[in-house]
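One structure is given below, encoded as structure tokens.
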Amino acid sequence: MSKKWSESEEQEAIFGPTSGESLAHESQKSYQLILRSVTMAIPTYEKFMYPLLGCLKDRQEHTLSELNESLIQHFNLTKEDLEEMIPSGKKSLFGNRFGWARTYLKNAGLIESPRRTVFRITDRGLSIINDPTITYINDSVLKQFPEYLAFKKGSSSSADNQNEAANTDTSKTPLELLTENYSLIKQAVQEDILEKIMNNSPQFFEQLIVDLVVAMGYGGSVADAGKAVGKSGDGGIDGVIKEDILGLDKIYLQGKRWSNPVSRPDIQAFVGSLVGFKANKGIFITTSRFTKEAFDYAEGIDKSLILIDGQRLTDLLFEFNVGVSNEQTFTIKRIDLDYFEEM
């Protein structure tokens with residue numbers, strides 16, 4: 001039977017005899033850091049992925065709380081483990097790593113979320129979990145899927161991503177790596193934003209548009225914009241907002257919370273409504289995308305028509321801090337050579 005050491009005995013084993021006196025302040029700090037590194041039990045996000053997929057192997061829908069509990073039991077995590085926070089102190093380490101595991105599996109097409117906080121395995125995911133040669137899921141396993149490569153690059157060009165994956169550059173500077181990881185985090189947040197929009201009500205989407213146009217400097221105020229936006233069914237126009245705080249001109253809005261692409265006939269119908277109102281400026285916002293024919297038509301008319309697809313919508317929400325909040329800020333500094341110049 002192994003001996004259970006007391007805290008004083010552990011300290012003495014690490015730092016040597018203390019002669020009955022308390023440890024120095026710096027030694028005490030080092031001791032706490034060593035114990036923390038030894039006892040930290042939260043797995044890496046990669047270690048979450050295979051058991052998470054296994055929890056969904058029955059092909060049933062499982063809630064986020066069910067998956068949470070299953071993984072806590074799988075890794076035998078304690079209450080103290082779950083209280084461990086990321087450096088910013090704004091989120092638990094468990095929640096952060098579990099969230100990234102879900103993000104990677106989802107963007108690789110191994111799991112899907114049919115409803116808010118509900119997940120299920122896909123046919124692709126089932127093929128992975130049933131493959132006896134795969135017992136661990138990491139970046140190398142996921143890179144076989146074009147969708148995952150596109151997500152990692154933040155682009156829809158799977159061919160380019162496949163070429164990049166085959167020619168991995170290991171000579172990147174820390175600043176380059178930091179920039180790439182920032183882009184990856186942004187992409188993940190934007191994916192989550194679209195999912196949340198689609199899982200919420202049409203009224204929520206209308207309010208989101210109000211908050212965004214006001215944050216961008218249009219609409220006068222939230223109260224003004226709120227009165228204008230949401231008046232649907234009025235000649236194909238979903239809302240009218242002020243272009244500036246004085247209301248010198250008006251912008252007509254059309255919003256579509258769709259999954260299917262917006263085509264040219266949809267844009268033509270909106271332009272017809274603008275003509276009916278003798279309006280010259282319009283914004284068409286969708287959570288999906290526009291076809292090439294829709295873009296070509298919008299560029300060829302004699303009115304100021306802006307098309308905002310799902311990607312651009314989440315870009316704007318991200319840029320103007322609507323529906324997102326700062327988690328941690330890093331300031332990149334360089335040496336000030338002028339300061340060190342002697343006269």
Side-chain angles (χ1 to χ4, degrees), residues 32-33 36-37 40-49 52 63-65 67-69 71-72 75 77-108 111 113 116-119 138-139 142 148 150-155 172-200 204-205 207-216 222 287 310-334:
Q32 294 294 341
L33 289 173
R36 180 178 176 183
S37 65
M40 186 178 295
I42 302 298
T44 63
Y45 76 88
E46 285 190 338
K47 290 182 179 178
F48 270 115
M49 290 195 283
L52 172 55
T63 65
L64 185 59
S65 59
L67 296 174
N68 266 334
E69 188 58 36
L71 290 173
I72 289 171
F75 291 108
L77 300 176
T78 66
K79 181 175 181 291
E80 290 72 24
D81 295 330
L82 299 175
E83 290 174 350
E84 183 75 28
M85 305 296 285
I86 62 175
S88 68
K90 295 183 178 181
K91 191 172 185 179
S92 73
L93 189 62
F94 173 85
N96 180 260
R97 291 180 176 176
F98 178 33
W100 275 107
R102 296 195 312 272
T103 295
Y104 285 142
L105 290 176
K106 181 181 174 185
N107 282 280
I111 66 174
S113 179
R116 186 178 183 180
T117 69
V118 174
F119 299 88
N138 57 16
D139 195 60
L142 300 181
Y148 179 73
F151 165 71
K152 289 295 290 274
K153 189 178 180 182
S155 167
K172 293 176 180 176
T173 67
L175 184 57
E176 289 173 322
L177 292 172
L178 182 61
T179 302
E180 286 183 0
N181 283 305
Y182 171 80
S183 298
L184 187 61
I185 292 172
K186 179 182 177 183
Q187 182 78 5
V189 170
Q190 289 178 290
E191 293 273 350
D192 287 341
I193 288 173
L194 275 182
E195 181 181 330
K196 292 291 188 289
I197 291 174
M198 296 303 293
N199 287 332
N200 277 302
F204 176 87
F205 185 48
Q207 184 60 48
L208 179 138
I209 293 175
V210 170
D211 294 338
L212 177 59
V213 295
V214 172
M216 293 171 64
V222 172
T287 50
Q311 179 66 44
R312 180 60 177 151
L313 173 61
T314 55
D315 280 337
L316 292 171
L317 293 170
F318 197 93
E319 179 181 352
F320 290 94
N321 292 312
V322 178
V324 299
S325 58
N326 293 334
E327 180 167 313
Q328 193 165 357
T329 302
F330 296 93
T331 301
I332 307 299
K333 298 187 178 182
R334 61 176 176 82

Do [X] and [Y] have side-chain heavy atoms sitting under 4.5 Å apart?
X: Ile185; Y: Glu327; value: no
X: Phe48; Y: Leu71; value: yes
X: Leu142; Y: Asn107; value: no
X: Asn321; Y: Asn326; value: yes
X: Phe320; Y: Val213; value: no
X: Phe98; Y: Leu64; value: yes
X: Leu178; Y: Asn181; value: no
X: Leu317; Y: Ile197; value: yes

Rounded to the nearest 0.5 Å, how far apart are [atom1] of [X] and [atom2] of [Y]?
X: Lys186; Y: Phe318; atom1: NZ; atom2: CZ; value: 6.0 Å
X: Leu52; Y: Leu105; atom1: CG; atom2: CG; value: 5.5 Å
X: Leu208; Y: Asp211; atom1: CG; atom2: CG; value: 6.5 Å
X: Phe94; Y: Glu83; atom1: CZ; atom2: CD; value: 13.5 Å
X: Thr103; Y: Phe151; atom1: OG1; atom2: CZ; value: 6.0 Å
X: Lys47; Y: Ile42; atom1: NZ; atom2: CD1; value: 12.0 Å

For residues [X] and [Y], report the shortest heavy-atom separation together with the two atoms involved.
X: Asp315; Y: Gln190; result: OD1-NE2, 2.6 Å
X: Ser113; Y: Glu195; result: OG-OE2, 3.1 Å
X: Met198; Y: Thr287; result: SD-OG1, 3.4 Å
X: Met49; Y: Tyr104; result: SD-CB, 3.9 Å

- Item | Under 3.5 Å side-chain donor-acceptor pair for Tyr148 and Asp139 | yes
- Indicate whether the side chain of Ser65 and that of Asn68 have a donor and an acceptor atom separated by less than 3.5 Å. no
- Item | Backbone of Glu84 reached by a side-chain donor or acceptor of Ser92 within 3.5 Å | no
